[in-house]
Structure formats: C-alpha cells, structure tokens
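These notes are about the structure you will find just below.
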Amino acid sequence: MTKIIHVVKGTKDILPQEVEKWQNLEQNALEIFTKYGYKEIRTPIFEVTELFARGVGDTTDIVNKEMYTFEKSDRSLTLRPENTAGVVRSFIENGMSRLSAPVKLWYKGPMFRYERPQAGRQRQFHQVGVELFGIKQPAADAEVILLAVNYLKSLGLNDLEVEINSLGCPSCREEYKKKIKEVLKPEFDNLCEDCQNRYEKNPLRLLDCKVESCKAIFEKPEIKKVIQSDFICDECAQHFNDVKKYLDKMNIKYVVNKLLVRGLDYYNRTVFEIKSNNLGSQNAVCGGGRYDSLVRNLGGEDTPAVGWAMGMERLNSLIPDPEEKKLDAYIVSNSSTDAFELAEELRAEGFNVEFDLSNKKFTKQLEKASKVAKYALILGEDEIVKGQVSVKNLETSVQETIDRKNLRSKLENDKNS
RNA sequence: GCGUCUGUCGUCAAGCGGUUAAGACCUCGGAUUGUGGUUCCGAUAUGCAUGGGUUCGAAUCCCAUCAGACGCCCCA
C-alpha cells in the first residue's frame, strides 16, 4: 500500500457534518454586523512580513516566534497571524480615511500561527472580527463591545464573562511601567525565568504570572500598592469611566480586571476579553481593544480605532451540534430514468431529493431511504403507468398512492405539520 | 521552545512476552427480485504509528523518530 498523506500538524479538515455550524457562525455574523452598519472586507491571506513586524509589534511572541514566513523573489512574505494589521493596511492604501467616519469593517477567515497545538489552539485557525475607525470617543469602545456580546447572544452563548481594563495612553503607561520596574528591582533575582524576561520586554505582563513564588512577591504590601495604583492619567480615566457608563446603561455585565494586558503592542486605553468556563485553559473567545496609533504607525493619517477578534473554533466548541438534517425525499424505483426525472422535478420545486444511482434491489433502496430521508417516494411500474407515486412517511410508516401532480402539495403539507 | 500522557480495522476498543489479534458500531452482501427502521447469517487487520534493538519467540519489554491529546509560555 502506498503511504497516505496526513493533514499537517495543527491543521484540521472541516468535514461535511461540521460545516453547518460554521455556516451558522458566518450567517449570524453577516446579519448582526450588518445591523450595526459594518461591511465585510476580505484581505489577502499573506502580506509583506514588515506589515506584521510594524503592526503587531516586534517584541510580541506572535511576531518573534509564531509567524509562517517565506521568501519569494527577494521579498519576505508572511501568512497572516491576525487580521487587524491587514485591514489597517487596506484602510490606508484605499484612502478610507477620506470616508466619513466611522468606517466600520468586519472580516472572517483563516489565520496562521506556529504554536504548539492544544485544546482551542491550532496552527491554522479562524477568526471573525470587527474594526471601527475614526472615532476616539468612548461610545465607539462601547458599541464594539456591545456588538461582540450581541453576536455571542445570537449564537446562544449568554453566560460568558466580559473583562475590561484600561492600559492608559503611551505616556501614562510608560510612567507605570517605570514604577513597576523600580519597585521590583530588588526582587529581580527571585522572579521566575519568564518574569525576568518580561521585566524588560513587557513589564505589564509580569502581573498575571501564575508561578506561586512570583505571586507571593506581588503580594508584598509595598509592591501590591504600586501594582494596584490607578496609574492612568485623568483623560484616560475619564475615557474608561465613560466606557463603563455606556456598558452599564446597555446592561452589559463586566468585571474590571487590572491584570488584563493584551499581547499585541498596538493597544492603548480600553482592552477587553470575553471568556468561557467551558473551554479548557485557552478560555478566551474574544479579545480586543482600542488602537489609536496603529494607523499612523503604518503610514496612514492619525486615525483612532477599536476592534476585536473571536476564535471561531472556540466558539464552535461552545455550541451544541445540530441534529442531522434529512432529505425531504428519497425515490425508490427500478427505473432510474423515471427516478431521475422525478428527482429533477422536485429539486426544481425546492425539495432535497436523492435516489439510487447503482441499481440496488428494492429493499436496499428502501433501507437507504429510511436512513437518509423523511419520505420514500415509490415509483414502480404501476405508478409510472398511472402517473402516480406512492408516498411513504418513513417515521409513521403510513403510505398512500397519489397522482403525481398532487405530490408537491402533499410533501409541503407534511413538511409544515 | 519546555513538560505529562497516549498511538491495535473507517470508528470505539480487548489484549500486559507464546492467542488463529476478542468484541461492538459503521460499511457491504445474503435470508427477502414491490416495502425499511427489529431479527438472523456472512464478508471485511498476514497485521498492532514508523525504524532499530532485547529474546528461542514481541502488539506486548527497551531506544529513536513521527503523530495525537492535555498543560506551560503566549494567544482567539
């Protein structure tokens, strides 16, 4: 036997029986996002590597160790690890800052990150996300969060936890980082290896370390005081308060998590995550925030923006499997030409119909019908001659022979009852 | 990149150094050439992820590789 070829590590087929769930996710996205005025955008799956280096940030793990990068004619290209950078690139390139604000976009599609696969994590995975450009006011943050919550609700997911935080603006955040580094300096040698790395790279990430010895250090009164201090400046605080006010008004429950820091460099002010307790350790279904300097950093005009992305695999694992859909009818006949004809007729009228293509025996055909369809349409010699068809309800076993011209209304009646 | 566990039919599995490698489901065929979902018969792994080794003898023990699951880091 010739060796078979396997899917590559961290990728998966979406098989026919799972496709309906995916179509649901996509359909709901289109419906809900359209209500809020978002338009779909589709950007390429690969981009110039520099886009992600500059966009996502070259200190992030995503850019440093997780990108699928390849060279082609002297150019370095990368499979997109996320889609905000690509959308921003397109926003700038297509002059969308000239459009009247806000510009509201949504997307869906595969993303690629070279990571160790585990529950809720693959190397090729899918995200659906939204981006709102051109509004600096807190109402934009609130709308985007509301949109996320309503999308999740439309999928039947109600008991998820919304966590929010404010990272402040670049200037007040720098102050805060400095203070944290200062107060932790004497403890540096006692921190775990990861934390020692983070100390320089991203001091904010120190705070939610899970190592017990580190936690103990953060509990020390003089350190805890600094960590918990309200470091953000008055303007940022005002913005954050307003976002919370909107959420309260819209009846969205949330908790403020001061340890919530996102892993992409471009965020400022509002950041948020939506988590589930039913997901294993990778428990965030949605993550996002405000990124007011990204458009400018990528060469566009100064444009404030907010957005989020959801992991579609994670969403799907929270949604129960739908019942398998049966065909409306399966034609049982020894005359495949007549079966063909009838099938086409019914299909044209909107029914889902199949029949046997391999000349199986009558009983086998009926057996097949009972497995895949609600009705068996028996088309034998008698029926063909008389222009009739025997309709058998495969659940109730009730069968009656009717004129072919009445078949449509018969099937429709039963369909609705 | 690190750690823990796991690889026996399409699927779920038994087997723990000597078996003809159980069983169940699915699939296919027959009982049953116009009536299924119940029942009964039958078919389907010269092979146990791959490659080495130990042994008279390996699916079973050892090593390596590959793959998967889960966790760390990080993220959706």
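Predicted model only: the values in this text are computed from it and were never measured. Below, chains carry the letters A, B, ... as their sequence lines are ordered, and counting in each starts from 1.
Under the Watson-Crick and G-U wobble criteria, each requiring two contacts below 3.5 Å, nucleotide B/rG42 is paired to B/rC28. Shown here, B/rU65 forms a base pair with B/rA49; the pair counts as Watson-Crick or G-U wobble because both key distances fall under 3.5 Å. Pair assignment for B/rC9: none, as no Watson-Crick or G-U wobble contacts are both less than 3.5 Å. B/rU60 makes up no base pair with any nucleotide shown, lacking Watson-Crick or G-U wobble contacts both under 3.5 Å. Base pairing analysis places B/rC72 opposite B/rG1; the two distances defining the Watson-Crick or G-U wobble pair are each below 3.5 Å. Base pairing analysis places B/rA22 opposite nothing; no Watson-Crick or G-U wobble pair with both distances below 3.5 Å involves it.
For A/E47, the side chain to side chain donor-acceptor pair (under 3.5 Å) partners are A/R89, not counting sequence neighbours. For A/N28, the side chain to side chain donor-acceptor pair (under 3.5 Å) partners are A/S154, not counting sequence neighbours. Under the side-chain contact (heavy atoms from CB on, under 4.5 Å) criterion, A/E349 pairs with A/L346, A/F351, A/R408, sequence neighbours left out. In this structure A/T11 satisfies the side chain to side chain donor-acceptor pair (under 3.5 Å) test with no other residue, sequence neighbours excluded. In this structure A/D242 satisfies the side chain to side chain donor-acceptor pair (under 3.5 Å) test together with A/Q238, sequence neighbours excluded.
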Heavy-atom protein contacts under 4.0 Å, nucleotides 30-36 of chain B, coded B base, S sugar-phosphate only, - none: SS-SBBB

Contact pattern, 5' to 3', of nucleotides 65-73 of chain B - B, S or - by protein heavy atom under 4.0 Å: ---SSSBBB

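Between the side chains of A/T59 and A/D265, at least one donor N or O sits under 3.5 Å from an acceptor N or O. Looking at A/S358 and A/K360, their side chains do bring a donor and an acceptor atom within 3.5 Å of each other.
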I'd like a table of donor-acceptor pairs (distance under 3.5 Å, sequence neighbours excluded) in which one partner is a side-chain atom from residues 285-292 of chain A, with atom names and distances.
unit_1, atom_1, unit_2, atom_2, d
A/R290, NE, A/D141, OD1, 3.1
A/R290, NE, A/D141, OD2, 3.0
A/R290, NH1, A/I135, O, 3.2
A/R290, NH1, A/D292, OD1, 2.8
A/R290, NH2, A/I135, O, 3.1
A/R290, NH2, A/Q137, O, 3.3
A/R290, NH2, A/D141, OD1, 2.6
A/Y291, OH, A/E131, OE1, 2.4
A/D292, OD1, A/A305, N, 3.2
A/D292, OD2, A/N268, ND2, 3.2

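Contacts of A/K360 with the nucleic acid, taken as non-hydrogen atoms under 4.0 Å apart, involve only primed sugar atoms and P, OP1 or OP2.
Listed by first then second residue, pairs satisfying ring-ring contact (aromatic ring centres under 6.0 Å, His included) with a partner in residues 153-192 of chain A read A/Y176-A/F231, A/F188-A/Y199, not counting sequence neighbours. Residue pairs meeting the salt bridge (Lys or Arg N to Asp or Glu O under 4.0 Å) criterion with at least one member in residues 377-402 of chain A, sequence neighbours excluded: A/E400-A/K410. Applying the ring-ring contact (aromatic ring centres under 6.0 Å, His included) test to every pair with at least one member in residues 316-349 of chain A, sequence neighbours left out, gives these pairs: A/F340-A/F355.
Heavy-atom distances under 4.0 Å link RNA chain B to no residue of residues 20-30 of chain A.
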